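Here is the structure we will look at.
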Number of protein chains: 2
Amino acid sequence: MNIGEVASRSGLPPKTIRYYEDIGLVRPQRGSNGYRAFRETDLHKLIFLGRARALGFSIEDCRVLLSLYEDESRESAQVKAIAQQHLSAIEEKITQLQAMHATLSHLVNSCHGDDRPDCPILNDLAGQAAGG
Amino acid sequence: MNIGEVASRSGLPPKTIRYYEDIGLVRPQRGSNGYRAFRETDLHKLIFLGRARALGFSIEDCRVLLSLYEDESRESAQVKAIAQQHLSAIEEKITQLQAMHATLSHLVNSCHGDDRPDCPILNDLAGQAAGG
DNA sequence: CATAAGGCTTCCAGTTACTGGAAACTCAAG
DNA sequence: CTTGAGTTTCCAGTAACTGGAAGCCTTATG
């Protein structure tokens, strides 16, 4: 398979696939013309990577997960530990975003949004915490 | 004020303040020794920036918000529009993260996490969607 | 006055995970 | 043979800093 085909079959852009080769996540062979020659196992890895990335795992997490995926003697506890850590990180981010959302939606609601300069949003950012 | 003082008063690291000067968000004067000389207004701007960044606004948003903050003839509608856009972006991110969380927590719960290689997390990433 | 510690300066590089674009080569179709 | 599409490499840029090095300035101490 050329890169175009693995791209459409994996859903990853060719650029991303080349990048993944650069950083050693996949190692396609090469044809005599210099083109990358992907095998089915390369495609599987790329699909794996696409899914892991879609779940928000970092590239380095993906690297470890991929090595566990290929390691027949892995312990599922290792996989679970990585996933749990990532889950905690997601939870933390959600909490942060919800806090931002709460503050900001409050401010947005308290702003007239008209042609006058008076603005509780700016007041708050300026540190005046215009009580509301 | 030297950079150390504005740093502790604004809560921003000196590195970040220098960076903000680099990209033109603040323009402190200079003393004869070459040190940055911050005025109160510079401090206010930095506090403003710190709060806006804490609410997740991008640097470019901050740049616009800061110019509105300094523009006596602004219309609060402009500020509100930026804030609302950002609020939507936050909501979108939360939704994405919640989707990740749902999928991942399901997978984590279905994984034994013991010394055996069998792992529903890896199965799912590999695209086998081990029904469960 | 010498020195040492700490703060300040600039500049360069690295981070994350790609993405865009240029110049050049290969392949398939007509 | 030409044209267009696909592929190659390489370089640069993105966002928002952060770390570190080399060197100047200031302040405290002996």
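Labels below follow one simple rule: chain letters A, B, ... track the order of the sequence lines, proteins then strands, and each chain is numbered from 1. None of these values were measured; they are calculated from a predicted model.
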Protein-nucleotide distance ([X], atom [atom1]; [N], atom [atom2]), rounded to Å:
X	N	atom1	atom2	value
I3(B)	dC17(D)	CD1	C1'	14 Å
Y35(A)	dT9(D)	OH	C1'	13 Å
E60(B)	dT14(D)	CD	P	10 Å
N2(B)	dC24(D)	CG	P	19 Å
D22(A)	dT19(C)	CG	C1'	13 Å
R36(A)	dG6(D)	CZ	P	16 Å
I17(B)	dG7(C)	CD1	P	14 Å
K93(B)	dA15(D)	NZ	P	13 Å

Do [X] and [Y] have side chains that approach each other closer than 4.5 Å (heavy atoms only, starting at C-beta)?
X	Y	answer
E21(A)	R27(A)	no
R53(B)	C62(B)	yes
I47(B)	R9(B)	no

Can you work out whether P13(B) or S32(B) has the more 5'-proximal nearest nucleotide on DNA chain D? P13(B)

For DNA chain D, whose closest nucleotide is more 5', that of I59(B) or that of R30(A)? R30(A)

Below 4.0 angstrom from OP1 or OP2 of [N], is there any side-chain N or O of [X]?
X	N	result
R18(B)	dT18(D)	no
Y19(A)	dT16(C)	no
T16(A)	dT19(C)	yes
N33(B)	dT26(D)	yes
R53(A)	dC18(C)	yes

Does a side chain donor of either S76(B) or D118(A) reach within less than 3.5 Å of an acceptor in the other side chain? no

More 5' along DNA chain C: K15(A) or G4(B), using each one's nearest nucleotide? G4(B)

At under 4.0 Å between heavy atoms, what does F57(A) touch on the DNA or RNA strands: base, sugar-phosphate, or nothing? nothing

With rounding to the nearest 0.5 Å, note down the distance linking CG in L49(B) to CG in L25(B). 5.5 Å

